[in-house]
S.K.: 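Just dropping this structure here.
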Amino acid sequence: MVLAFKNETFRDDFTFSNSPAAIRRFPFPFVEDKYMYSVNIEPHELGPKGSVYEFPIDIDEHYVSEMRDRALVLDADPGRCQALPHMITAQWDMLELLMTSMARDYPEHFSLTRDGNQWHWINRPLGIDHKFTFGDVATLPYQPMEYIGRQCQGDFSIQDQRDGQLWMDAGIITTQADWSLDFDVGMNFFEWHAPVPLAHQAGVFDRALKFLLNMQHGRPVRRLNWTMTINSRLDTSPENYHKWGIDRTTVTPENVGDKVHLRVELQALWRLPRSNAILFSIRCYMIKMRELATVPKWGRRLPRVLRTLPDEIADYKGLTRYRQTTIDWLSKYDDGAPTSLGGGPD
Amino acid sequence: MSTIKSRPIYPGLSPDPNARRNVVVCDAAGAEAVVELLARADGEFAGRTSVVLSSEGLFGKESESIVERLKPATVETTAGLVPAIDRLKEILASATMGLRLYAAGSEPLIGSVVQAGAENFIDPLSVRTEHRGSLKRRVQCVHCKGMTENVTTNPVKCAQCGLLLLVRDHYSKRLAAFQGVCINAETPDESPELKVEFQ
């Protein structure tokens, strides 16, 4: 499949938009008309052709522009990419997983030739043609995680496993929904999730950790998470919150359709073969309310979900200021008809 | 004290009878916990114990009286938290196996000791800790990454960039600091009053 990459921005003039095909494949996260935290983990198996689950690593029409935005973020704040020294083996594991997946599933765009440790990687959309020695950092322009992370959509963190815990000891995080890698690096699973409301008491993290510690190589898993973003800004980091927070005050009944975005994270996890670490990808998809409402089921369901969302969760996700305006705008798409179970369009 | 999951628990000092050497870092309030520790341990424990005292806010006489009460442990008095941690790092640099680390006092002091220990491969959970005295916090500004020390109010003005920071109840052991996030990013015209919260 040859992708047509869009030339668009995620800052300043915000020219990002989805093609009709991209809207159709959007991973709408609400399987019913309400939402509550759950350990909604399922096997990361290959899905239907054209869906975001078709391949383990999903590359789409926003690829080139997203990589350009990531480079801007890293230039301004190198702390968005950090790895503790003991994570170097896991970094190579990650590079291998991503390169082999991308080259296998998108041969028109990427190719990988391997002769022992001598690797030849070609990334056509980004104009990269590079021969390097697998395992030798000196043959790459960056450390392995940053090298491949600058060429793959989605944020990545790598979790070391020891003492019956997962430790976030490396990551390249430029499109985060309001959490700081620089603050959280080195924390364990409970610590970095500490600010999440309600879920600790519900035992969600105990169960999720138990599950993840037992993950096996070759059996990746995934879940969806979501929030909302004003303007198509990928870099909604706390580092820059003092610059973008004000956007939340700019929503009016007239501009909801273009300004308010549902932001969905396809989170996938892989056990890595050499390091026994766990790779966590946070692949971000955004959709404007105007785009979302073109799918009747989603236009009906989203206002119902937002209306019944517990206030703590709305606060944590930062929706409070524009939640009602968005519900009001969406309500004209909700004719009260019942919706079918599952997230996909009818 | 809040019990957020990222914040360590300080269970209180207890003597490790098997340690060949005990190194304790404390401030004036924490010194009381060290006096109690020594009283609980056997007679030989104090002989294997050296204390680094951060004497910030103490007059000479008060320091002397604390040193007296901690005897027969060896006590080194330093002018404040920063020199106390510098001294600890010197001790750890030449330390041998069998050393047990303790920290007693304010949370920034405990955090700095645990941090210095971690830099020398001492498991944070193995450091015996007791919180005493002020609830003041060290806060890292998530925006400029500057540290603000001895924070008692919420919000607090960042000592480096001047933004008004909400002190979030989220703690990093690596940084030994709480997270500060701009409180009025969505309401720049408002300037919430600084309330004393961590005394």
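What's counted below: heavy atoms across the whole structure, side chains too, no hydrogens, waters or symmetry copies.
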S.K.: Could you tell me which portion of B:Gln140 (side chain, backbone, both or neither) has an atom closer than 4.5 angstrom to a non-hydrogen atom of chain A?
M.R.: side chain
S.K.: Hey, what's the ring geometry for A:Tyr241 with B:His143, parallel, tilted or perpendicular (30° and 60° as the breaks)?
M.R.: parallel
S.K.: For the interface with chain B, which of A:Arg248, A:Lys243, A:His193, A:His242 has the highest count of heavy-atom pairs at distances below 4.5 Å?
M.R.: A:His242
S.K.: Any chance you could measure A:Asp163, atom CG, to B:Asp123, atom CG, to the nearest 0.5 Å?
M.R.: 7.0 Å
S.K.: Heavy-atom distances under 4.5 Å only: say whether B:Ala177 touches chain A with side chain, backbone, both or neither.
M.R.: backbone
S.K.: How about B:Lys173: does its NZ atom have over 12 heavy atoms from other parts shown lying under 6.0 Å from it?
M.R.: yes
S.K.: Counting heavy-atom pairs under 4.5 Å with chain A, which one of B:Cys141, B:Cys182, B:Ala118, B:Pro188 comes out on top?
M.R.: B:Cys182
S.K.: For B:Arg69, look at atom CZ and say whether over 12 heavy atoms of other residues, nucleotides or ligands are found less than 6.0 Å away.
M.R.: no
S.K.: Can you find a heavy atom in the side chain of A:Asp182 that is under 4.5 Å from one in the side chain of B:Arg174?
M.R.: yes
S.K.: Looking at every heavy atom in both A:Phe190 and B:Lys5, which two are closest together, and how far apart are they?
M.R.: O-CB, 3.6 Å
S.K.: Let's test your reading of the structure: which of A:Asp77, A:Val185, A:Asp184, A:Thr249 forms the most heavy-atom pairs below 4.5 Å with chain B?
M.R.: A:Val185
S.K.: Within the supplied structure, the quantity of interest is the number of heavy atoms (other residues, nucleotides, ligands) at a distance under 6.0 Å from A:Arg68 CZ; does it exceed 12?
M.R.: yes
S.K.: Which heavy-atom pair separates B:Gln179 from A:Ser180 by the least distance, and what is that distance?
M.R.: NE2-CB, 3.8 Å
S.K.: Which heavy atom of B:Ser6 sits nearest to which heavy atom of A:Ala194, and what is that distance?
M.R.: N-CB, 3.4 Å
S.K.: What pair of heavy atoms forms the shortest contact from B:Glu186 to A:Gly245, and how long is it?
M.R.: CG-O, 3.2 Å
S.K.: I need the minimum non-hydrogen distance between A:Pro238 and B:Val142, along with the two atoms involved.
M.R.: O-CG1, 3.6 Å
